[in-house]
Amino acid sequence: PGAARRDRRLHRTPTPSPPATTSITSFNMASFETGGLGGILLGMGNPLLDISAVVKMELLEKYGLTLNNAILADEKHQPALFEEMVKDYPVEYIAGGATQNSIRVAQWMLQVPFATAYMGCVGKDEFAQKMREVCAADGVLTNYMVDESTPTGTCGVLVNGGERSLVAALNSANNYKIEHLEMPENWKLVEAARFYYSAGFFLTVCPAAMLKVAKHSAEQGKCYMLNLAAPFLMQVPPFKSAMMEVLPYVDVLFGNESEAVTFAETEGWETRDVAEIAMKISKMPKASGHRARLVVFTQGCDATIVAKEGKLYSFPVIVLPKEQLVDTNGAGDAFVGGFLSQLVTGKEVAECCRAGNYAANAVIQQSGCKFPKVPKFQWC
């Protein structure tokens, strides 16, 4: 009966090569040459080099890890866990970090050079250079702050049965400072963008930078977007406090079903219904009235729930045969990237979700957050 009531509430809907390096100058030229899309989307987050491997359950149990979860590494994880992964399993090194993943996917979907830019902090090492090269090849302008005293952040991606557990050692990613954002040459990227996106993980690093950009977005009638990212961000009081300070400026909020339920629990709400939670968050106070808050919750293989302007919508995912599933790592990030690729071009929510589901479907057929050279998505 509960499911039937929920169903009645839901409106159902059917399912050029960039250069090796980038610069602010070439980025601005791209903005002119691509009809104003250059730099339209700016991401800010924790750039990490993913160390990914298919592992045995015994390894997860040894380090107290669970599938479909993300945590920050502590003394029992580093360096022992990462060393054991490299020693005992074939590993892949992939440019990662939740926000950077989403920005790379959005760029891939748009196929417009330099439509996207990204900020975060890295070390002065080979890992950072590798990420620069990957992003440049994708067409993303990276504008990293460099901390020469701390190595580039890494993230252990432990895959088992197509599902993953993430263990992030932020390292230099943890050292981003608002002073980098405020430098005139960097703030130009903020001014040029019309859409901003950060995964909630950045709340553990530099909430002041997030708040500054979010306030700029509200004042200028732009669009600021946030992802709940992981349950611990709502369960740890300082992180939840930082999230709630930014939330009034958030125009689009993303998350998955477990994050939605955790948010409700930490707010003291009785409901655990994902659709109802989406609606309640959409109605929470906003700092600006230029648009209603949009809330988008993915639910794995179940339909994506969207709350918009007092109505609930449901969008089915693309069914994938189990034998084609390789790795769910990055699926949520890819969904966001696909969604953003349509949002920044003015498409309606149905098209945004269709693109998000396409991108997620493409990525889970790869190992890590990777994708084919050219998307086969049909634009409408």
Side-chain angles (χ1 to χ4, degrees), residues 1-15 68 102 195 197 199-200 223-231 233-234 243-244 246-319 331-361 380:
R5 284 196 300 273
R6 181 174 63 198
D7 285 349
R8 286 196 293 271
R9 288 179 287 139
L10 301 177
H11 300 254
R12 298 200 173 273
T13 19
T15 173
N68 294 318
S102 295
F195 295 82
Y197 174 72
C223 183
Y224 188 81
M225 300 167 288
L226 177 70
N227 198 313
L228 294 177
L233 292 168
M234 290 153 278
M243 179 182 289
M244 297 309 289
V246 172
L247 188 60
Y249 302 93
V250 173
D251 298 299
V252 184
L253 182 73
F254 295 96
N256 64 27
E257 71 276 31
S258 63
E259 294 153 8
V261 169
T262 302
F263 187 93
E265 289 172 348
T266 60
E267 286 295 293
W269 299 344
E270 293 185 2
T271 182
R272 298 297 179 261
D273 181 281
V274 173
E276 188 176 347
I277 295 166
M279 181 63 75
K280 287 175 73 72
I281 296 175
S282 73
K283 293 179 177 179
M284 293 177 77
K286 283 187 89 261
S288 68
H290 58 82
R291 58 166 59 84
R293 180 180 294 117
L294 182 71
V295 178
V296 183
F297 286 148
T298 58
Q299 302 186 99
C301 60
D302 293 330
T304 298
I305 299 297
V306 176
K308 179 188 178 186
E309 297 175 344
K311 293 183 179 180
L312 287 166
Y313 301 85
S314 173
F315 299 94
V317 302
I318 301 170
V319 177
D333 300 337
F335 174 87
V336 171
F339 190 103
L340 297 183
S341 73
Q342 303 302 293
L343 186 69
V344 302
T345 56
K347 298 299 177 67
E348 293 296 326
V349 169
E351 277 302 289
C352 294
C353 284
R354 186 172 74 90
N357 286 325
Y358 168 82
N361 183 268
C380 293

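It should be emphasised that the depicted structure is a prediction, and the values quoted were computed from it without experimental measurement.
With rounding to the nearest 0.5 Å, the separation of CE in M243 from CE in M234 is 5.0 Å. Atom CG in L233 sits 8.5 Å away from atom CG in L228 (nearest 0.5 Å). Summarising the geometry, atom CG belonging to N357 is positioned 10.5 Å from atom CZ belonging to F339; distances are rounded to the nearest 0.5 Å. In this structure, K280 NZ and M284 CE are separated by 9.0 Å, a value rounded to the nearest 0.5 Å. One finds the OG1 atom of T304 at 7.5 Å from the CD atom of Q299 (value rounded to the nearest 0.5 Å). The distance from atom CG of D273 to atom CD of E257, rounded to the nearest 0.5 Å, is 12.5 Å.
For K347 (side chain) and S341 (main-chain N/O), no donor-acceptor pair under 3.5 Å exists by modelled atom type. Remark: the backbone N or O of E270 is paired with a side-chain donor or acceptor of R272 at under 3.5 angstrom. Checked by atom type and distance alone, the side chain of R293 pairs as donor or acceptor with a backbone atom of I281 at under 3.5 Å.
Within the structure, the ring-ring contact (aromatic ring centres under 6.0 Å, His included) test picks out the following pairs touching residues 258-282 (sequence neighbours left out): F263-W269.
With sequence neighbours excluded, the residues that form a side-chain hydrogen bond (donor to acceptor under 3.5 Å, both in side chains) with S258 are N256. The side-chain hydrogen bond (donor to acceptor under 3.5 Å, both in side chains) check on E267 picks up K240, with sequence neighbours excluded. Under the side chain to side chain contact (heavy atoms under 4.5 Å, CB included) criterion, D333 pairs with A98, N101, S102, not counting sequence neighbours. Residues satisfying the side-chain hydrogen bond (donor to acceptor under 3.5 Å, both in side chains) criterion with S288, sequence neighbours excluded, are H290. In this structure F195 satisfies the ring pair (Phe, Tyr, Trp, His ring centres under 6.0 Å) test with no other residue, sequence neighbours excluded.
In this structure, K308 and V296 have side chains that are not in contact, with every pair of non-hydrogen atoms separated by 4.5 Å or more. N227 is listed as a side-chain neighbour of Y197, based on a closest heavy-atom distance under 4.5 Å. By the 4.5 Å heavy-atom criterion applied to side chains, K286 and P248 are not counted as neighbours.
Of all heavy-atom pairs spanning I277 and V261, the tightest one is CD1-CA, 4.0 Å. What you find for V252 and L343 is that their closest heavy atoms are CG2-CD2, 4.3 Å. Annotation for A278 and I305: closest pair CB-CG2, 4.3 Å, computed over non-hydrogen atoms. Considering every non-hydrogen atom in both A359 and A334, the closest pair reads CB-O, 3.4 Å. Y224 approaches Y249 most closely through the heavy-atom pair CB-O, 3.6 Å.
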